[in-house]
2 protein chains.
Amino acid sequence: MNDVAAAAGVALKTVSRVVNNEPGVNATTAERVHAAIERLGYRRNDGARTLRRGRTASIGLVIEDVADPFYSGLSRAVEDVALDEGCLVFTGSSGEDASRERELVLAFCARRVDGLIIVPAGTDHDYLTPEIDAGIAAVFADRPPGAGPDADTVVCDNAGGARVGTEHLLAHGHRRIAFLADSPSIFTATERLRGYREALASAGLPYDEELVAMAPPGRARALADLERLFRLADPPTALFTGNGRTTVATLRALAAPITHGPPVAVVGFDDFELADLLGITVVAQDPARLGRVAAELLFRRLAGESGPPQRLELPTRLVVRGSGELPLRG
Amino acid sequence: MNDVAAAAGVALKTVSRVVNNEPGVNATTAERVHAAIERLGYRRNDGARTLRRGRTASIGLVIEDVADPFYSGLSRAVEDVALDEGCLVFTGSSGEDASRERELVLAFCARRVDGLIIVPAGTDHDYLTPEIDAGIAAVFADRPPGAGPDADTVVCDNAGGARVGTEHLLAHGHRRIAFLADSPSIFTATERLRGYREALASAGLPYDEELVAMAPPGRARALADLERLFRLADPPTALFTGNGRTTVATLRALAAPITHGPPVAVVGFDDFELADLLGITVVAQDPARLGRVAAELLFRRLAGESGPPQRLELPTRLVVRGSGELPLRG
DNA sequence: TCTCGATTTGACAACGTTGTCACCGCCTCT
DNA sequence: AGAGGCGGTGACAACGTTGTCAAATCGAGA
């Protein structure tokens, strides 16, 4: 900017004014400055600007894994809202690792992002309290934070969705419904388990732990679970799978030649690409909406909206495609 | 940092030394400084640090759409490499819109990212030349840049992959093979078309424009294309689909009740989630590897590696799953 | 002609760091 | 005792902006 000023024969401040479209600059002078900018290929240094002004016009987004379609949908929505607000996004994947999450968040804070959107991985978010006190806005998405700060949170109606999904299977006559989901340490998994149990209870059915399997999704694990379930004295006739990855892993296991189980009905939590072609009935949530709502909430906070932390719950939607309507064999 | 210095009763510079683990600070003093840092909840301002030192330890990544699994896989790989290098990533989706790409790139440049990884959307990248001259390293991924700078580029063997896929269908007896892909304005689409034509030529078959359809993927478009193809006097007995989204849209259209075409063999370019369950034969590329290689190349440049721009081509792999092995009905 | 207000411009400090250099003790070696 | 080296510390400028305030210029009205 100094060079530009020298080249245009004006003071630094005048260049600054021109660059920022501030009023009160003579048109002729502005023209001369523009020419100099063009000639020198000058581009304003937003880092320095940020330092002076206090706002960085950037936010940090920490999710579990960008490569997971659920989070990448959320990610895209956050990005779009941010761009509308003239804001850039730092993205980081925690990989469900609390310490990596912490590392990312603190790195974002050191960069003085204006706000954070976090899909929390750990159970302890005390480390965020000083940052929030220091004025960094934070919104939690998909799951509430663990111990620590009381901040805005946007989740979906996990228990309600799981209840509806389970009730759907019950309505088709099933009485032995297995529940397969991620580790109980993950908020959404336990919430969905709760919905499943509520549905059973409402139908006057007992909760049978033998029918429940909760662990990180994976091919081997899905196979093992199914083999165990099908060997039970009173095996399940339907499966409720508690998230997208578990659903996919389960479908693969069901298709494997080893799993010589009887046909079972399947309802999954989370919609996924090609579920329509495979005819899989799901309880769908809308990751893009989750991201959008979280980002909008964040920007309202950044715009100065005060008030107590909000907790928003987004609805789910049952999408009937066939796999959940398989009747009980009589 | 000033406050910390005052609280610890030392000079600014000493705090700086402690914060950066620089040698030459008395253990007792360091202890006192650490205590003050803890007490005040101080966190270094990386923006100011960056301004002073010149390197921002951040890179910009511009892709077409994070929500597309291909790009989100690439994205995750870039992120992982960057994290290893102690670097944060700004991510932006261009949505195949050249002006949005430009806007994002220039915003990243204004933030003085150290480097850029770009999946180019437009055909004119002259706007990047001054930035590259200004010292920002750039690597193009998935597609080469249009007119403008001559920079490092990592692509996959598009033509080779399409040739192998087409040859696979030819080997199963097909002579009328349709080619469905994205707009010819997209580099990968035309390269794959080239591979398709090479395979036909090698087999001594004519290139029939009636069998080729190139446009942005979508449900309606896939249906229209298939209906047209199946109404031809000499309809195709096999389809080669030129990218993941086209493959999926085509499969949906094939499954639609309206499309009452005969069974056709299908080979798609790009692997996708659940292709295994659906039994779709594909020519797979590895988006994570693409991202990793591009990021590694970028960081080598940032580390000072000189030499002429490189152009890397990654191999593809034919994954046989059934849909491409449907024999010609005799 | 002088004063006043508006317009245009510029000097300077500040944002929070780090690099450079100089300083102060203290110990060791002559 | 004096010179020299070394570990520890601090003063100060600089990075590239922008906010504050003052100065210069000009035309208009008294």
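Just so it is clear: chains get the letters A, B, ... in the order the sequence lines come, proteins before strands, and each one is counted from 1. Just so we're clear, the structure is a prediction, and the values are computed from it rather than from any experiment.
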Quick test of your reading of the model: are [X] and [Y] salt-bridged, counting only N-O distances below 4.0 Å?
X        : Y        : value
B/Asp68  : B/Arg245 : yes
A/Arg143 : A/Glu96  : yes
A/Asp80  : A/Arg289 : no
A/Asp114 : A/Arg53  : no

**Q.** Candidate pair A/Ser94 and A/Glu64, rule side chain to side chain donor-acceptor pair (under 3.5 Å), full reasoning
**A.** CA-CA 5 Å; A/Ser94 72; A/Glu64 202 227 303; over 6 Å; no
Out of [options], which has the shortest distance to the side chain of [X]?
X        : options                : result
B/Tyr42  : C/dT20, C/dG10, C/dT17 : C/dT17
B/Val25  : D/dT9, C/dT20, C/dT17  : D/dT9
A/Arg112 : C/dT17, D/dT9, C/dT9   : C/dT17
B/Ala48  : C/dT17, D/dG10, C/dG19 : C/dT17

From [atom1] of [X] over to [atom2] of [N], roughly how many Å is that when rounded to an integer?
X       : N      : atom1 : atom2 : result
B/Leu40 : C/dG16 : CG    : P     : 14 Å
A/Arg32 : C/dT8  : CZ    : P     : 14 Å
B/Leu12 : D/dA13 : CG    : P     : 14 Å
A/Asn45 : D/dC15 : CG    : P     : 12 Å
A/Arg55 : D/dT18 : CZ    : P     : 17 Å
B/Leu51 : D/dC15 : CG    : P     : 9 Å
A/Arg17 : D/dG16 : CZ    : C1'   : 17 Å
A/Asn2  : D/dT17 : CG    : C1'   : 10 Å

On the nucleotide [N], are OP1 or OP2 found under 4.0 Å from the side-chain N or O atoms that [X] carries?
X       : N      : value
A/Asn20 : D/dT18 : yes
B/Arg53 : C/dT17 : no
A/Thr29 : C/dT8  : no
A/Thr14 : C/dG10 : yes
A/Arg52 : C/dA14 : no
A/Ser16 : D/dT18 : yes

Q: Identify whether any heavy atom of B/Arg44 sits under 4.0 Å from a base atom; if not, whether one sits that close to sugar-phosphate; answer base, sugar-phosphate or nothing.
A: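 Since only primed, P, OP1 and OP2 atoms lie under 4.0 Å of B/Arg44, the category is sugar-phosphate.
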**Q.** Sugar-phosphate, base or nothing in reach of A/Val10, heavy atoms under 4.0 Å
**A.**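 Answer is sugar-phosphate: A/Val10 comes under 4.0 Å of backbone atoms only.
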